[in-house]
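Take a look at the structure below.
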Protein chains: 4
Amino acid sequence: MFLNLNAGDKKQKIMMAAARVFAQKGFHKSKIEEIAQEADVGKGTVYEYFTSKLDLFSKMLEAGIWLYRDTLAREMKPQLTIGAKFTRFVYIHLQFVQCHQDIAGVIRQEFLHVSPQVQQTIMEAHREIIKMLAGTFREGIETGSFRQIDCELAAGMFFGAVHAVGAPTGKTAGDLEPIASQVVDVFLKGIEKK
Amino acid sequence: MFLNLNAGDKKQKIMMAAARVFAQKGFHKSKIEEIAQEADVGKGTVYEYFTSKLDLFSKMLEAGIWLYRDTLAREMKPQLTIGAKFTRFVYIHLQFVQCHQDIAGVIRQEFLHVSPQVQQTIMEAHREIIKMLAGTFREGIETGSFRQIDCELAAGMFFGAVHAVGAPTGKTAGDLEPIASQVVDVFLKGIEKK
Amino acid sequence: MFLNLNAGDKKQKIMMAAARVFAQKGFHKSKIEEIAQEADVGKGTVYEYFTSKLDLFSKMLEAGIWLYRDTLAREMKPQLTIGAKFTRFVYIHLQFVQCHQDIAGVIRQEFLHVSPQVQQTIMEAHREIIKMLAGTFREGIETGSFRQIDCELAAGMFFGAVHAVGAPTGKTAGDLEPIASQVVDVFLKGIEKK
Amino acid sequence: MFLNLNAGDKKQKIMMAAARVFAQKGFHKSKIEEIAQEADVGKGTVYEYFTSKLDLFSKMLEAGIWLYRDTLAREMKPQLTIGAKFTRFVYIHLQFVQCHQDIAGVIRQEFLHVSPQVQQTIMEAHREIIKMLAGTFREGIETGSFRQIDCELAAGMFFGAVHAVGAPTGKTAGDLEPIASQVVDVFLKGIEKK
DNA sequence: TATGAATGAGCTTTCATTCAT
DNA sequence: CATGAATGAAAGCTCATTCAT
């Protein structure tokens with residue numbers, strides 16, 4: 001077959017199948033055989049591209065995180081106003097979670113107890129986001145838009161809040177734009193009547 | 001020994017050992033043998049008190065959730081002002097997480113992929129908290145303290161934020177009182193300068 | 001309590017309970033705990049009278065075999081005519097099987113694979129019966145009542161036939177006397193029309 | 001190797017090994033590992049072909065019963081005279097027992113306490129044989145060869161007698177033809193001198 | 001390269017047996 | 001004597017991984 005799919009194609013296919021299965025069943029209940037079936041390849045083929053189940057999981061997860069970061073980096077133009085940045089962040093996060101439910105589910109749930117490596121990877125990504133958000137908060141304080149608050153704490157709270165909204169039990173049914181606006185509105189203005 | 005441990009004590013001992021091990025390794029990587037060793041009993045003894053590994057996990061988890069709920073119910077006096085209620089909630093939550101790191105860790109991480117039953121249990125507890133918080137927000141709106149916001153969304157955001165602050169990566173090093181105050185301050189007043 | 005039951009009483013109680021349980025579930029599926037419950041004694045008490053599960057089984061089985069032999073010895077008066085002896089044997093066997101279904105069931109089914117000792121015990125009893133029957137056949141030949149046949153073979157066949165009739169699937173519903181007569185009639189006269 | 005074993009071969013190999021081990025030790029004392037060793041395969045391989053130990057046992061047993069039935073059906077030509085039919089039956093039974101001692105041993109001993117399914121299977125086969133024999137007796141009565149006897153009882157007795165002769169303790173040392181003749185002779189003519 | 005039959009380490013669970021009371 | 005809570009050896013079964021084809 002000369003018009004074969006490009007080289008990384010089967011690897012991709014396996015990783016996507018893995019994301020689906022891992023998201024649905026978790027790392028320990030997912031069977032390599034099932035992932036292989038889902039990817040429509042033989043069980044042995046998985047081991048042609050990944051050294052182990054853990055390796056497949058890690059690679060899949062890293063790809064997911066990379067995609068998240070990439071999406072964020074692409075969409076968070078520096079020229080946006082601070083308020084717009086937050087709204088944009090929430091929108092992108094919610095949209096990512098909605099589009100990539102599989103990967104999002106895996107990132108959300110399965111990181112503490114799979115392997116220290118994996119835990120490391122996710123916590124690093126988490127720290128990076130917090131850092132970015134804290135930086136934006138700091139920027140707001142410096143430009144006089146925000147009042148004096150603990151930026152790290154606020155960043156943690158903000159990400160936690162957004163994360164909770166994006167969770168399956170949260171409000172992610174309708175359009176994401178208004179929800180993103182609301183979230184940012186609540187966070188920036190607080191809920192007390194002035 | 002004449003001052004023997006009271007009845008049900010061994011069950012407690014096993015559950016506490018289970019909490020430690022499950023928190024550290026997660027459900028699937030925890031071995032019954034290790035839990036038995038940690039509890040300083042024989043492997044078979046675990047099965048005298050629990051029908052299976054899953055049963056032990058569920059019972060331990062339910063006990064943890066019950067403890068959380070109980071603590072909350074005991075400490076959230078209805079006569080507190082709304083602001084004080086939120087501060088109290090954050091304080092109690094953070095304190096619980098700090099005191100019962102094992103159980104908190106288990107509740108936080110291991111619920112999706114252990115069993116539908118367990119998932120059910122945790123999500124129910126989660127819904128209950130959200131409901132309580134949303135009710136408090138509603139109360140604030142009715143009394144004119146809070147502005148018109150989506151109470152469910154706000155409750156989700158608030159719990160998410162608190163949850164994030166309580167997570168191992170969050171800020172829970174120093175005294176909890178000031179942190180609780182700060183969290184509530186940020187949430188009530190927002191971060192924008194008026 | 002000075003008017004206590006005699007010494008062997010509890011031992012008997014346990015053995016009878018064992019017979020019931022072993023008969024119903026077989027050796028390997030019977031649990032010591034269940035036998036203890038059936039005998040209305042504590043689990044540990046079983047070990048006061050028997051050194052092990054196998055010991056209990058063996059003792060119970062030997063008691064059953066002894067009872068069978070004893071019944072046979074008591075009822076098979078030497079002064080009976082040969083024909084009467086056979087009828088008597090069949091009747092006693094069928095009655096024993098009917099009265100002591102538990103023990104009979106155990107003897108019938110559970111002897112090959114419990115222990116070589118047990119197998120030995122039962123096969124010895126079996127050989128003894130065959131020998132007795134063969135002797136009676138020989139007696140018949142010598143007195144001119146029976147024709148020249150292989151006594152061992154005939155004894156084996158006869159016991160096999162009686163055994164089959166006594167099995168749960170066989171004909172043991174109605175009165176045993178006529179059945180015993182029929183069995184002996186068939187065996188002595190054959191089934192061919194003369 | 002180019003002349004590989006045909007498909008289903010390994011399944012056969014495992015079933016034959018199982019027959020040997022089960023016959024020697026009984027169901028409960030047989031370990032999967034030992035059967036695997038006997039079959040010269042890995043422990044896990046057994047589970048590639050059978051879902052459980054019980055499944056392996058059942059399948060093996062059914063194959064044995066099928067073989068018995070098949071042998072009987074093939075060899076019991078309807079055109080045989082009644083007397084020849086009985087002789088043929090005894091000969092086939094004894095030969096089967098001699099050739100397939102493993103399977104015969106399993107069928108003879110292990111059916112009550114393995115599983116209701118297994119019990120069902122064996123008792124059905126037993127009933128079928130009894131029915132066939134009773135039919136032949138009835139045929140004999142109708143054609144005037146046999147005297148008026150209870151066919152079911154006689155069939156039970158006959159099979160019991162043959163079964164006993166075929167048992168390991170019975171007479172199955174020498175040639176089977178003369179033994180079969182003797183058995184049938186005894187049964188048809190009886191043992192009384194006319 | 002792609003495959004899936006074969007494997008065995010490792011797990012949960014059972015239950016005969018012990019022994020402190 | 002009587003007990004039953006405690007125990008751990010032992011067995012069935014799973015599934016990540018290998019490797020001959």
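In the text below, chain A, chain B and the rest are named by the order of the sequence lines, each starting its count at 1.
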Measuring from atom [atom1] of [X] to atom [atom2] of [Y], what distance do you get when rounded to the nearest 0.5 angstrom?
X: B/I122; Y: B/Q117; atom1: CD1; atom2: CD; result: 12.0 Å
X: C/T45; Y: C/K11; atom1: OG1; atom2: NZ; result: 14.0 Å
X: C/K13; Y: C/D40; atom1: NZ; atom2: CG; result: 5.5 Å
X: D/Y49; Y: D/Q12; atom1: OH; atom2: CD; result: 11.5 Å

Near-strand residues of residues 50-64 of chain D, defined as heavy-atom separation under 4.0 angstrom from DNA chain E:
none
Near DNA chain E, which residues from residues 27-48 of chain B have a heavy atom under 4.0 Å away?
B/S30, B/K31, B/I32, B/K43, B/Y47
Quick one: does any side-chain atom of A/K31 pair with a main-chain N or O of A/K29 as donor and acceptor, under 3.5 Å?
yes
Polar side-chain atom of C/K53 near backbone of C/S30 as donor-acceptor pair, under 3.5 Å:
yes
Nearest whole angstrom, please: distance from the C1' of E/dA6 to the CG of D/D9.
15 Å
Please report the closest heavy-atom contact between C/F50 and C/I14, naming both atoms and the distance.
CE1-CG2, 3.7 Å
Might you point out which heavy atoms bring A/R20 and A/D102 nearest each other, and give the distance in Å?
CG-OD2, 2.9 Å
According to the Watson-Crick and G-U wobble definition with distances under 3.5 Å, which dot-bracket string, read 5' to 3', encodes DNA chain F, using [ ] for crossing pairs and | for pairs with another strand?
.||||||||||||||||||||
For atom CD of B/E38, is the number of surrounding heavy atoms from other residues, nucleotides or ligands below 6.0 Å larger than 12?
yes
Counting neighbours of NZ on C/K59 that are heavy atoms of other residues, nucleotides or ligands and sit closer than 6.0 Å, is the number greater than 12?
yes
Ignoring backbone atoms, establish whether A/Y49 has a side-chain N or O less than 4.0 Å from OP1 or OP2 of E/dT1.
no
